[in-house]
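As structure tokens, the structure follows; a few thoughts come after it.
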Amino acid sequence: MIHFPFSAIVGQAQLKTALLLCAVDPSLGGVLIRGDKGTAKSTAARALTDVLPMIARVPGCAFNCAPGAPCVHCERCVAPDATAQLFPVPFITLPLGATEDRVLGTLDLARALAGAERVFQAGLLASAHRGILYIDEVNLLADHLVDVLLDVAAMGVNSVQREGLSIQHPARFTLIGTMNLEEGDLRPQLLDRFGLMVEVTAPREKTLRSDVVRRRIAFEADPKAYVAAWAEPQAALQNRLADAQRLLAQVVLDDALLDLISHLCCEFDVASLRADIVMHKTARAIAALDARTTVTANDVRSAAELVLPHRRRRTPFEQSGLDSERLDKAMEQAGHGPQQDANAPSDAPSDAPAADDLEQESAQQESAEQENTPSAPSAPNQSETPQQQVFSVAPGATARPIALDASPLGVIAGRRSKAYDASSGRVVRAVPDEQPDSLALGATLRSAALRDPQHFQVTKSDLHQQIRVGKSANLILFVVDASGSMAAQSRMEAVKGAVLALLTDAYQRRDEVAVIAFRGTTAQVLLAPTRSVERAEQALRSLPTGGRTPLPHALQLALETLQQASANAPPLLVILSDGRANVALDAGAANSDPWRDTLALAALLAARAVPALVFDTESGYLRLGRAAQLAQALGAQCLTLAQLSADNLALTIRASLRT
């Protein structure tokens, strides 16, 4: 397969540097690449293999054994004619739907049926040894595969105990993962296993963007000719990596800089000691890549920018990344102020000068600041709500977990639900079962072959059942009242705090979330269904308050949103309002009635058996109790904001089954 040349990638200096550092020192633990779609994440990862120095191994070796250190289970490397040759570094892609057998390895069924002894068939982890294990959309990887990776990444050894096999083989690889934050974040344990992390965005400078398009079109028109045109820069980069790998053992990092590393980890409240170790290795790799044998304070600072962003303690919705000013201040406190290091490494290619990168980062920062200003998400009909205000979020207690109790006739279970039906989903393993509903053919045949290899025959005791994992998330649709009746500061702050507490629960369970706000004369979707609860929190914080209460419009928009949502994410509707609807769907009609419209739409949602929860935000002495009536029409529970954080509360949402 022909890859886009690594040297031809425009910009993305930090991404390319991180990948090159992992090539210099594979023990760094790999790199996590986070960013939007279409930002060259996968392109850069695959292109890296073409500039890596080749490795020596025996042809046909399934374990990628190092010369002179064959695996005890490798029949090829212990053969008399075994002669090592140079091969490209293996680049193994781990599919999201892979089974444990394919990843870990399993019994070689063909040889077992032929009457041979139990022989191990190597999996993807064996193939990735001494190479790269690449996972696209790593945040969507199934939990059972994440557990496997955590064990192997910690030990550098793959241990297989199954089907009469007891196998251990080396599995040391560079883990490269790409992900889009809109699809949710990684489990903290796996996140910490990535030595480095970079955030990538598409260039905002028009000349860079046009250069990206121009090069990509030229590559697709004639891949071989384009790769040949970049052969010289590619060879130079490969030689540079080979020199850096040889020089790495001679690089010295003195104790003063080691103290600086520990100081930075403490300043950014990093719990994992792995951060100190990886930063030490990264600083040395930076020096080696720049052909130096002495590490500088500038190298440590550059290493911190790659090692600390995903390890520092932060709340679920706090933005990732590292504050440059805070980093400079921490360096000054340790006696290493900002300085221009003449030996600082520079990995920007000739086509992407450093000035362009700085200009790009400045434009991105300016755009982000504009997006985060409170006035950004303004509601329609500004003239009707001149008194709109933006209230902050009140600090609230942790919300109790929400559990969906779905009957067999109701909503399909999701991650937060009880799994009543496991007949569909991804196959994760097989277990013995004499009356299987879903036959695991491979496990059944292996069991028969192991029991009597000479007289192969499948019996009832050999039958195995497939174990499947069901849906992994729910869609939590928040419908938030932002009308003038909510304009009391403490009241709206409490509402935002309540939604934030519920978002925290959604974040921990990797749910999809969507936010609808209603005020003035209409409702609007602040955030379409996404797994990026950080975006939901940002939209909520900047939500203005004021105007009338178009509750029927909000319920109609909620119904449309749920109809368009994926069937793979069972919904949960969470409404925060006092229920005082005063804008009808057809305000111009003579007999329009906002409350009648509200109850009619609530009945439609109940007929769809949508699990719902209503938080009554009404306050004061005169209370109409409309939120409770709305909850009754929805077949939902009605709770107060104070009940949301009660220690003894366990929220159970039941589907309302109506004909």
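The basis for the numbers below is simple: all heavy atoms, side chains too, and nothing from hydrogens, waters or symmetry mates. Throughout, residue positions are numbered sequentially from 1 according to the sequence presented.
By the 6.0 Å and 45° rule, Arg311 does not stack over the aromatic ring of Phe268.
With contacts defined as side-chain heavy-atom distances shorter than 4.5 Å, the pair Arg34/His310 does not qualify. Contact check for Arg193 versus Arg274: side-chain heavy atoms found under the 4.5 Å cut-off. When side chains are defined from C-beta on, Leu149 counts as touching Leu125, because their heavy atoms get closer than 4.5 Å. The shortest side-chain heavy-atom distance between Leu96 and Glu137 falls under the 4.5 Å cut-off. Thr49 has its side chain out of reach of Phe6: every pair of non-hydrogen atoms, C-beta onward, lies at least 4.5 Å apart. Contact of the Phe173 side chain with the Pro90 side chain is not registered, since no non-hydrogen atoms from C-beta on lie closer than 4.5 Å. Contact check for Leu20 versus Leu237: side-chain heavy atoms found under the 4.5 Å cut-off. For the pair Val89/Arg130, no side-chain contact is recorded, criterion being any heavy-atom separation below 4.5 Å from C-beta on.
Residues Ala122 and Ala126 approach most closely at CB-CB, 3.7 Å, considering heavy atoms. Taking every heavy atom of both residues into account, Arg292 and Asp290 meet most closely at NE-OD2, 3.1 Å. Closest approach of Gly195 and Val278 over heavy atoms only: O-CG1, 3.5 Å. The heavy-atom pair separating Arg209 from Pro203 by the smallest distance is NH1-O, 2.8 Å.
Remark: Ile92 CD1 to Asn64 CG distance equals 7.5 Å, nearest 0.5 Å. Distance CG/Asn180 to CD1/Ile33: 13.0 Å, rounded to 0.5 Å. The distance from atom CZ of Arg216 to atom CD1 of Ile9, rounded to the nearest 0.5 Å, is 9.5 Å. The OG1 atom of Thr174 sits 6.0 Å away from the CD1 atom of Ile132 when rounded to the nearest 0.5 Å. Distance CG/Leu289 to CD/Gln245: 10.5 Å, rounded to 0.5 Å. Atom CG of Leu133 and atom CD1 of Ile135 lie 5.0 Å apart (nearest 0.5 Å).
For Lys329 and Glu325, the salt-bridge test fails: no basic side-chain N is under 4.0 Å from an acidic carboxylate O. Between Arg76 and Asp81 there is a salt bridge, since at least one side-chain N of the basic residue sits less than 4.0 Å from a carboxylate O of the acidic one. At a threshold of 4.0 Å, the pair Asp328-Arg301 counts as salt-bridged, since one of the basic side-chain nitrogens sits closer than that to a carboxylate oxygen.
In this structure, the salt bridge (Lys or Arg N to Asp or Glu O under 4.0 Å) partners of Asp243, at least two apart in sequence or on a different chain, are Arg246. In this structure Ser127 satisfies the side-chain hydrogen bond (donor to acceptor under 3.5 Å, both in side chains) test with no other residue, sequence neighbours excluded.
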Should Asp25 and Arg284 be marked as a salt bridge (Lys or Arg N to Asp or Glu O under 4.0 Å) after you check the CA-CA gap, both sets of side-chain angles, and the distance that decides it?
CA-CA 9 Å; Asp25 187 357; Arg284 294 178 64 242; 5.1 Å; no

Under the side-chain contact (heavy atoms from CB on, under 4.5 Å) rule, what do Arg57 and Phe63 come out as? Steps first, then yes or no, please.
CA-CA 9 Å; Arg57 67 177 181 87; Phe63 296 88; over 6 Å; no

_Does Leu15 form a side-chain contact (heavy atoms from CB on, under 4.5 Å) with Thr39? I'd like the steps, not just the answer._
CA-CA 11 Å; Leu15 168 59; Thr39 51; over 6 Å; no

Quick one, Asp211 with Arg214, criterion side-chain contact (heavy atoms from CB on, under 4.5 Å). Give me CA distance, side-chain angles, the key distance, then yes/no.
CA-CA 5 Å; Asp211 201 12; Arg214 190 177 298 110; 3.5 Å; yes

request  = Start with the C-alpha gap between Asn158 and Val103, add the side-chain angles, then the distance that decides, and say whether side-chain contact (heavy atoms from CB on, under 4.5 Å) holds.
outcome  = CA-CA 10 Å; Asn158 179 31; Val103 176; over 6 Å; no

Where do Ser302 and Asp299 land on the side chain to side chain donor-acceptor pair (under 3.5 Å) test, with the steps shown first? CA-CA 5 Å; Ser302 299; Asp299 296 333; 5.6 Å; no

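Phe91 and His3 have tilted rings, their planes meeting at an angle from 30° to 60° on a 0 to 90° scale. Taking the six-membered ring for Trp and thresholds of 30 and 60 degrees, Phe120 and His169 have ring planes inclined between 30 and 60 degrees apart.
Annotation: Asp255, atom CG; neighbour count of heavy atoms from other residues, nucleotides and ligands within 6.0 Å does not exceed 12. Within 6.0 Å of CG on Leu86 lie more than 12 heavy atoms contributed by other residues, nucleotides or ligands. No more than 12 heavy atoms of other residues, nucleotides or ligands lie within 6.0 Å of CD in Glu232, so this atom counts as exposed by the packing criterion.
Asp254 contributes a side-chain N or O that, together with a main-chain N or O of Ala256, makes up a donor-acceptor pair within less than 3.5 Å. The closest donor-acceptor contact from the side chain of His263 to the backbone of Ala330 lies under 3.5 Å. A donor-acceptor pair is defined here as one N or O able to donate and one able to accept, closer than 3.5 Å; such a pair exists between the side chain of Asn239 and the backbone of Ala235. Checking side-chain atoms of Glu267 against main-chain N and O of Ser262 turns up no donor-acceptor pair under 3.5 Å. Of the possible donor and acceptor atoms, none in the side chain of Lys16 sits under 3.5 Å from a partner among the backbone N and O of Leu48.
Listed by first then second residue, pairs satisfying ring pair (Phe, Tyr, Trp, His ring centres under 6.0 Å) with a partner in residues 196-218 number zero, not counting sequence neighbours.
Considering Val307, Asp276, Val300, Asp259 in turn, Val300 is the only one that fulfils the side-chain contact (heavy atoms from CB on, under 4.5 Å) rule with Leu264.
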